[in-house]
Amino acid sequence: MGKASRRKYDAPETGRQARLSAAPDWLLFVLAIAGITLAGYLTVSAWRGGALAGCAVGSGCDIVLASHWSKLFGLPISLWGLLAYTSLAAIAFVKHSGLRWKLAWIVALFGALYSGYLTAISFTELQAACPYCLSSLALMIAIFAVIAYRRPADAPHVSWTPWLVTTLPAALLLVLALHLHYAGAWSGAGADDPRLRLLAEHLAKTGAKFYGASWCPHCREQKEMFGAAADRLPYVECSPLGPRAAQAPVCETLDIKGYPTWIIGARRYEGLLMPEELEKYSGFRAGP
């Protein structure tokens, strides 16, 4: 075999070796470490129950991080962010440049879309902003932009149109599924518990009132305790225009300071109440 033939035969193997021996993506790694630091701090604070720096009670940060959207499947959103940033840090060391780019793109694309969704929710539903959340959004967008701009020339079988058609709809569908999860589409109201239904009707008939806010996580928990009977509760919305707006006049008049607040008879109870407590305070007696 001549020299020219050997060079032609060896060229594909040399290119393959170059792709497999690519140096770590240090820029991606550094950005991921910044995300790990931010998400790690938020996760540790959430588990310890400690206050965040610059996040006073009643501030936009406090409202966002105490909301229904601050958790996913019972775990803090920051923990899921920590897992995403850790995955990106690990991906930075994948030796095959084409595979590394694909994996980083998928994680960063979903991370940017999901962070954007949560930010939109904080502005529209909660009417509040969290600097920590906005920082994480900016960082994830920066990571995604870096990955998109630095697409390797030797990425195998990757052309923009088919790649976007494949990955973007899948990421959007996943964000939509999570939105439906937050909306309760997957859980359903469940069967109508006769005792809880009778208790809810008893509370309404005896003049008891349950004062709360749509963005209040404990109010949502209170309703979930009643399942399908939640619609029968004597609920009063105190924050129809969001957490930044004034309370409803009836709540202002009664000086409702925290949610949920129950007024049963002449007594006021602040905080979450179990059905057994509501039975006791309202004098409810179920039939046989």
Side-chain angles (χ1 to χ4, degrees), residues 25 28-57 59-94 100 103-126 128-144 146-147 167 170-187 215-221 224 243 272:
D25 190 334
L28 174 59
F29 179 73
V30 169
L31 290 172
I33 289 297
I36 288 172
T37 303
L38 174 61
Y41 169 65
L42 294 174
T43 301
V44 171
S45 298
W47 278 342
R48 289 183 174 178
L52 294 170
C55 189
V57 175
S59 65
C61 178
D62 181 55
I63 291 171
V64 171
L65 295 179
S67 72
H68 172 57
W69 290 271
S70 66
K71 290 186 177 181
L72 179 62
F73 305 127
L75 297 174
I77 283 294
S78 55
L79 176 60
W80 296 104
L82 178 61
L83 294 175
Y85 287 120
T86 302
S87 298
L88 288 168
I91 290 170
F93 289 90
V94 173
R100 179 172 66 201
L103 293 174
W105 168 281
I106 292 170
V107 175
L109 173 62
F110 174 72
L113 290 175
Y114 186 44
S115 296
Y117 161 75
L118 292 176
T119 300
I121 287 293
S122 70
F123 286 133
T124 57
E125 294 291 332
L126 304 178
C130 171
Y132 293 101
C133 307
L134 294 176
S135 298
S136 183
L137 170 64
L139 187 56
M140 191 60 77
I141 290 176
I143 290 175
F144 178 71
V146 166
I147 292 169
T167 58
L172 289 172
L173 284 174
L174 185 53
V175 172
L176 175 61
L178 292 176
H179 171 70
L180 293 175
H181 165 74
Y182 284 119
W186 311 130
S187 60
W215 47 264
C216 162
H218 296 304
C219 301
R220 185 181 295 270
E221 290 178 41
E224 288 174 351
L272 202 65

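These numbers come from a predicted model, not from an experiment.
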Q: Can you see which heavy atom on Ala39 is nearest to which on Tyr85, and at what distance?
A: CB-CD1, 4.2 Å
Q: Could you walk me through whether Arg220 and Trp215 pass side-chain contact (heavy atoms from CB on, under 4.5 Å), step by step?
A: CA-CA 8 Å; Arg220 185 181 295 270; Trp215 47 264; over 6 Å; no
Q: Would Leu28 and Val146 count as a side-chain contact (heavy atoms from CB on, under 4.5 Å) here? Give the steps.
A: CA-CA 8 Å; Leu28 174 59; Val146 166; 5.9 Å; no
Q: How many angstroms lie between CG in Leu75 and CG in Leu83, if you round to the nearest 0.5 Å?
A: 9.0 Å
Q: Hey, mind stepping through Leu137 and Ile141 against side-chain contact (heavy atoms from CB on, under 4.5 Å) and telling me if it holds?
A: CA-CA 6 Å; Leu137 170 64; Ile141 290 176; 3.7 Å; yes
Q: Heavy atoms only: give me the nearest Leu72-Ile77 pair and the separation to one decimal.
A: CB-CD1, 3.7 Å
Q: Report yes if the distance between the aromatic ring centroids of Tyr114 and Trp80 is under 6.0 Å, otherwise no.
A: no
Q: Any idea how Trp69 and Tyr182 line up, ring-wise: parallel (<30°), tilted (30 to 60°), or perpendicular (>60°)?
A: tilted
Q: How close do Thr119 and Ser122 get, counting heavy atoms only, and between which atoms?
A: O-OG, 2.6 Å
Q: Please find the pair of heavy atoms, one from Arg100 and one from Asp25, that lie closest to each other, and give the distance.
A: NH1-N, 3.6 Å
Q: What closest approach, in Å, do Ala89 and Phe29 show between heavy atoms, and which atom pair accounts for it?
A: O-CD1, 3.8 Å
Q: Is there a side-chain contact (heavy atoms from CB on, under 4.5 Å) between Cys61 and Leu52? Walk through the geometry before answering.
A: CA-CA 9 Å; Cys61 178; Leu52 294 170; 4.2 Å; yes
Q: If I compare all heavy atoms of Leu88 with all of Ala108, which pair ends up nearest, and what's the gap?
A: CD2-N, 4.4 Å
Q: For Ser78 and Tyr132, which I'm curious about, is there any donor-acceptor pair between the side chains at under 3.5 Å?
A: no
